[in-house]
Amino acid sequence: MKRMFMVTAILFAVIAPMAVGTSAAAASGTVDITIDHSRINSSVGDRHTIRSTITNRGATESDRLIAQLLVVSPEGVYQDLEEWTTDPVIKVDPIAPGGTAEVSWNIQTVNKGSFGVYSVVLPNSGASTPGSAVAVSSGVDVTVADARTLSAGGALPVIIAVPIVLALAAAASRRSQRVK
Amino acid sequence: MTASLSTEVDPTEPGQSSARGAVGGWRIIAGQEFRDLWIRGRGPLLLVGYSVLLSAVTYLAATNTLLSFVQQREAVNLTLQVAVAVGVLLTLIVSADAISGERERGTLENLLLAPVSRRDILLGKLVAALSVWLAVFVVTIPYVWVLGREGAVVGRALLLGFIVGTLLAVTMAAVGVLISAWSNSNKASVSVSLFILLALLAPTQLPAMSKSWIGGFLVRLNPMTSGNQYILLVLVKGHRWTQDLSYLVSPVLAVVLAGAVLLVVGPKIVRLTGGVSA
């Protein structure tokens, strides 16, 4: 699965420049894709829904398509998409000329930092004319603040006290049985 | 474990004996088993071991940077899953000793001569074994509180854990008592019971099993995976309580089925000699 994401990421690196610097959806071939956010400010662990609209600009019905979410770190740190969303890849049925299809991803911001989130539409590998439709949306600038609220210090009293109290109670119970 | 039972349920009036046996025999058995387990037996030690395990899990959840992103809900979910799995395991181990243990220790004859029905014996043993699950749940409360207090999920998590855990614990305790009644030795009884539990628990470790229809069906069919999935969906994904009730169908059916078999078939297989030897 990770290999598939790597391949997709390389593909994305090739086609991403088409999207850079444009606020509207970039398009390639007869299909384009837009995304409903331009910026998300989030904290680690927050959940968001990202929706994309795929439009068939051509005069004929599109092939079956695959819509995929991509998360890119400016620092080049690989992001495992399956940590961000349970279903990064969504299959899209053929779209009629002028028609649209809606897809959405429920994401959870799992790492702190700044990220670019894109939605990409690719031809389904089983399509009759592979490569006929490739498009990438404009990017969503996602800034994720650290929100670590769990701490060892806060949990330490319970972690230590509970086993000790139980062990003392067990020992006291044994001792009272011996005395009897 | 119930060697002293005959003196306890042997009142001077014979009539009183049968009435007592008919009405509350299971309570007497459960009370005796409870004392044997928690005052003279291994109950407190099992609980200490469990608390050490849960302390380690909680410490990892609170400090591990990999886990930190998942915040309280996932950490609480992890703790609850461990609590349910270990609670059911300990309940099963105790229940798997219920009848076969008496056979091995040579105390089953005394127990069968006591003025209580065999159904009451099984029911009393079942109730006593379930006290392990209740104790495990009580020990879990402070851990869930410390992990989930800032995420306001403590009440929801505890209720979820109690409902799902109780359904699974009752099921597995009934299965354990039945296997114990059937087995001639503790070794056979505990081995078979643990194998069944492991077979049910193993699918919970398979990733993304519910994505295909057959995977989803198998998840719902297995009470363990189904219960775990329900906890995950309500606690972590924030689903409504009623949204995924279908996941509770198999745990509820398992309780009804195991309980019915225990009460109907169980008394017939409680004999001095079991059906299976090690």
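In the text below, chain A, chain B and the rest are named by the order of the sequence lines, each starting its count at 1.
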Working to the nearest 0.5 angstrom, can you tell me the gap between A:R174 CZ and B:I39 CD1?
12.0 Å
Compare every heavy atom of [Y] with every heavy atom of [X], then report the nearest pair and how far apart it is.
X	Y	value
B:E74	A:R47	OE2-NH2, 3.4 Å
A:V162	B:S51	CG1-CB, 4.0 Å
B:Y143	A:P163	OH-CD, 3.7 Å
A:A155	B:T58	CB-CG2, 4.3 Å

I want to check something: taking the side chain as every heavy atom from C-beta on, are A:L166 and B:Y50 in contact at a cut-off of under 4.5 Å?
no
Kindly indicate whether the side chain of A:Q108, heavy atoms from C-beta on, has any atom under 4.5 Å from the side chain of B:V236.
no
